[in-house]
Amino acid sequence: MSPTDTPPIPLSQRAMMARPAPYLDDLNPAQRAAVEVLDGPVLVLAGAGTGKTKALTTRIAHLLAMNKARPNEILAVTFTNKAAREMKNRVGRLTGDVAEGMKWLGTFHSISVKILRRHAELAGLKSNFTILDTDDQIRLLKQLIAAANIDDKRWPARMLAGLIDAWKNRAWTPSKVPSSEASAYDNRGTELYAAYQDRLRSLNAVDFGDLLLHVVTIFQAHPDILAQYQRWFRYILVDEYQDTNVAQYLWLRLLAQGHRNICCVGDDDQSIYGWRGAEVGNILRFEKDFPGAEVIRLEQNYRSTPHILAAASGVIAANSGRLGKELWTEVEEGEKVRLIGHWDGEEEARWIGEEIEALQRGTRGLGPVSADGMAILVRASHQMRAFEDRFLTIGLPYRVIGGPRFYERLEIRDAMAYFRLAVSPADDLAFERVVNTPKRGLGDKAQSEIQRAARASGVNLLEGARDLLAEGGIGGKGAGQLRAFVAGVDRWHEAVQAGADHIRLAETILEESGYTAMWQNDKTPEAPGRLENLKELVKALEQFENLQGFLEHVSLIMENETEESAPKVSIMTLHAAKGLEFPAVFLPGWEEGLFPSQRSMDESGKKGLEEERRLAYVGITRAEEICTISFAANRRVYGQWQSQLPSRFIDELPEAHVEVLTPPGLYGGGFGAAAPAQVEARAVKADVYNSPGWRRMQAQSAARPMAQPREARNQVIDLAAVSRFVTGDRVFHQKFGYGDITGIEGDKLQISFDRAGVKHVVAGFVMPADQAQDVPF
DNA sequence: CGTCTCCTGCTTTTT
DNA sequence: GCAGGAGACG
């Protein structure tokens, strides 16, 4: 093996770097320890905002400066390409060009690809294997499911894909799937998993999970190869260790058994990818796995104010089995975390929109805050819509982070499939994807004929199609179209082989295939955008030497970084927000069932709830200056109006660090929902009626004709309200209109509304129908 | 073969 | 409430 494509560091540079290191002066004692304890296993527990990346990058610089390893003998692993890029940039700032020699700085997946390409034959693959995206994966599975005579309605392909993914995350090859899993997917999960792996091998393809799984399998079966890498990687660094799954853990442990110089950085309190197979256990177990490990805690926070830190600590304290950290800061005072309840989701969006404008104007005591410095972090992406709608109407610029990514868009995938065919005509999945896109009159029947012809002579689909045409097995207009398609692929492939200019070729392919024309003729509103994206795709090719290089890059890097100039408020999920920070953060939708998510709790019980709580912790700790948590009393869920209870996480916020802006009438839960009197007392103590939020709310509701009746708003919700009603009463609800009470459960009424159907509503929000004429409409 | 309409079923999503 | 898939129809 010769991963040694990097020349040794020039002497002049070494001398420069060996001088006493000024970069160390920049660090606090804990960070310094994380940087200077170079040998042996080290676990750095880095709380949110404690300079984790700084410690990690300085550590790399220090390794290089101390001549402990050459740049390409350091293995530095991240989860995302973004994190890898950031790390490379920051190491570059510390060491100059030397960082360029870090050939093994990358994601688990990109490094695995590198390793797997070298030893592909040991996994039954050729080194030019293709990496399937989720789309291809699902299509492939659908075929296998059909072939196995399984009703894919009852047993959807997505489910099987999820199952296989989970098994791969645990590093289970088909033969290693334990018998306890035998009942999965109608008792046929294991069988289909094996069939899927066979099929992948015959396609010379892998999925994301395979990248790690194959590498681990090769390492386990070939100690000599493993030993080479163990020798090669003198120092191993891992970012976000709390997010590793079992396969990644094995991957690391195998490699680290050489020099035993492994430094893992992570925060057990920020483990939020359990549902993707991440095992918090990996970080909790570190000292057992690596005896003699040094554990260093980074606890000084450089991001948030004391109130924000205290609120976050208060919430996360309810979790059990933590490694434990105590975040502190030298920063003084600052704003308390603000808490506000709203009538419904639309009002929440409206209020946040106005708050954002107030922050921009600088009327919230922080000086003007740029829209770039503000973020709305939601639990589930469907919550984003209310904000988008609202911001569009008030003309507030926003950006949604983590929507469908560029390379996941339909038109981009189609175009890429064409490119894939041009590069490797044997790519059957690409063939299937575009043979009838644009429509060429080659429907299911024609396609299964092609499949049959290909299978009959054991060739790929393109050859199968050629055979089919030769034997006249296809007639009518389809034949001519198919002939043109095959000829097109041949022509493009020749051009690739001849080394034609890949940008021109890409344009030609999209032109000749009729793909561009297809969208030009499409009059749906999204067609222009899609054409725009195709143009961007072609532009992206400029950064690559050829199509092959581009395709390789794209299969691993599924993102599109377009730098925008105008300041915009960010809207994203809590998951997408990890690692980011903003002066002002809004956390809407803190309601039972939504956050914590009901499904999380149903599926994973206490474990699920604790992961939700960590998500709350991640959310709060994104805020630097001001953090606003909100909830709504009513929310439309799947088109149904539902009344909501404030999240239990709100109860867990330490009161001393929270300013309640909520009018008590909407405060149905929160700090001790049990005793209504107490709720009122505390609300008063929080000086609700003098808070800007309250005055604001008064002003707003006065101006708003659809405001709920004052009576309902000012009422403390209590069980007494229920006693005003009996089953069969005719009642009125501001949102749902008139209805009849069909049942009483706790403090809620079950009401059958004339227009809105059956709802469970807190009694404080309805009134006897005969009083309803006072309601301003 | 393609299009329209009904029906179902729903988080989070680094690669 | 909406999207995506299947099944019926042209």
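In what follows, chains carry the letters A, B, and so on, assigned in the order in which the sequence lines appear, proteins first and then strands, with residues in each chain numbered from 1. Keep in mind that this is a model prediction, so the values were computed, not measured.
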**OP:** Treat primed atoms plus P, OP1 and OP2 as sugar-phosphate and everything else as base, then score nucleotides 1-8 of chain C 5' to 3': B for base contact with protein heavy atoms under 4.0 Å, S for sugar-phosphate contact only, - for none.
**Re:** BS---S--

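For the pair A/Gln481 CD and B/dC1 C1', the computed distance is 12 Å after rounding to whole Å. Following rounding to the nearest Å, A/Ile272 (CD1) and B/dT12 (P) show an atom-to-atom distance of 13 Å. Atom pair A/Asp165:CG and B/dT15:C1' shows a separation of 10 Å (rounding to whole Å applied). Straight-line distance from the NZ atom of A/Lys168 to the P atom of B/dT13: 22 Å, rounded to whole Å. Residue A/His575 contributes atom NE2, which lies 15 Å from atom C1' of B/dT15 at whole-angstrom precision. Atom pair A/Asp136:CG and B/dT15:P shows a separation of 17 Å (rounding to whole Å applied). Nucleotide B/dC1 holds its P atom 12 Å from the CG atom of A/Leu482, rounded to whole Å. The distance from atom CZ of A/Arg158 to atom P of B/dT13 is 14 Å, rounded to the nearest whole Å.
Each of A/His109 and A/Ala380 has a nearest nucleotide on DNA chain B; the 5'-most of these lies closest to A/Ala380. Nearest-nucleotide positions on DNA chain B place A/Asn436 closer to the 5' end than the other of A/Asn436 and A/Leu211.
Stacking here means ring centres nearer than 5.5 Å and ring planes tilted less than 30 degrees, and by that measure A/Phe79 does not stack onto B/dT15.
For A/Asp136, the salt bridge (charged side-chain N to carboxylate O under 4.0 Å, His left out) partners at least two apart in sequence or on another chain are A/Arg139, A/Arg420. For A/Trp155, the ring pair (Phe, Tyr, Trp, His ring centres under 6.0 Å) partners are A/Tyr185, not counting sequence neighbours. For the salt bridge (charged side-chain N to carboxylate O under 4.0 Å, His left out) test, no residue two or more places apart in sequence or in another chain qualifies with A/Arg158. Applying the ring pair (Phe, Tyr, Trp, His ring centres under 6.0 Å) rule to A/Tyr196 yields no partners; only residues at least two apart in sequence or on another chain are considered. Residues satisfying the salt bridge (charged side-chain N to carboxylate O under 4.0 Å, His left out) criterion with A/Glu581, sequence neighbours excluded, are A/Arg303. Among residues two or more places apart in sequence or in another chain, the salt bridge (charged side-chain N to carboxylate O under 4.0 Å, His left out) test is passed with A/Glu591 by A/Arg635. In this structure, the ring pair (Phe, Tyr, Trp, His ring centres under 6.0 Å) partners of A/Tyr241, at least two apart in sequence or on a different chain, are A/Phe286.
Residue A/Leu442 is classed as a sugar-phosphate contact, given heavy-atom separations below 4.0 Å to backbone atoms only. Residue-level contact check: A/Lys445 touches the backbone only, with heavy atoms under 4.0 Å from sugar-phosphate atoms and none from bases. Using a 4.0 Å heavy-atom cutoff across all strands shown, A/Phe108 reaches no nucleic acid atom at all.
Residue A/Phe208 forms a side-chain contact (heavy atoms from CB on, under 4.5 Å) with just one option from A/Leu213, A/Ile131, A/Leu132, and that option is A/Ile131.
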**OP:** Applying ring-ring contact (aromatic ring centres under 6.0 Å, His included), run through A/Phe649 and A/Phe595 and close with a yes or a no.
**Re:** CA-CA 8 Å; A/Phe649 299 151; A/Phe595 188 43; 5.3 Å; yes

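The glycosidic torsion of B/dT11 lies within 90° of 0, placing the base in the syn range.
With hydrogens and angles left out, the side chain of A/Arg379 and the base of B/dT12 share a donor-acceptor pair within 3.5 Å.
Among B/dT15, B/dG2, B/dT12, the nucleotide with an atom closest to any side-chain atom of A/Arg276 is B/dT15. Of the candidates B/dT11, B/dC1, B/dT13, B/dT11 carries the atom nearest the A/Glu612 side chain, counting heavy atoms from C-beta on.
The nearest pair of heavy atoms linking A/Val265 to A/Gln242 is O-OE1, 4.4 Å.
A/Ser112 has no side-chain polar atom (N or O) that falls below the 4.0 Å cut-off from OP1 or OP2 of B/dT15.
A heavy atom lying under 4.0 Å from DNA chain B marks the following residues of residues 586-603 of chain A, by number: A/Ser597, A/Arg599, A/Ser600, A/Glu603.
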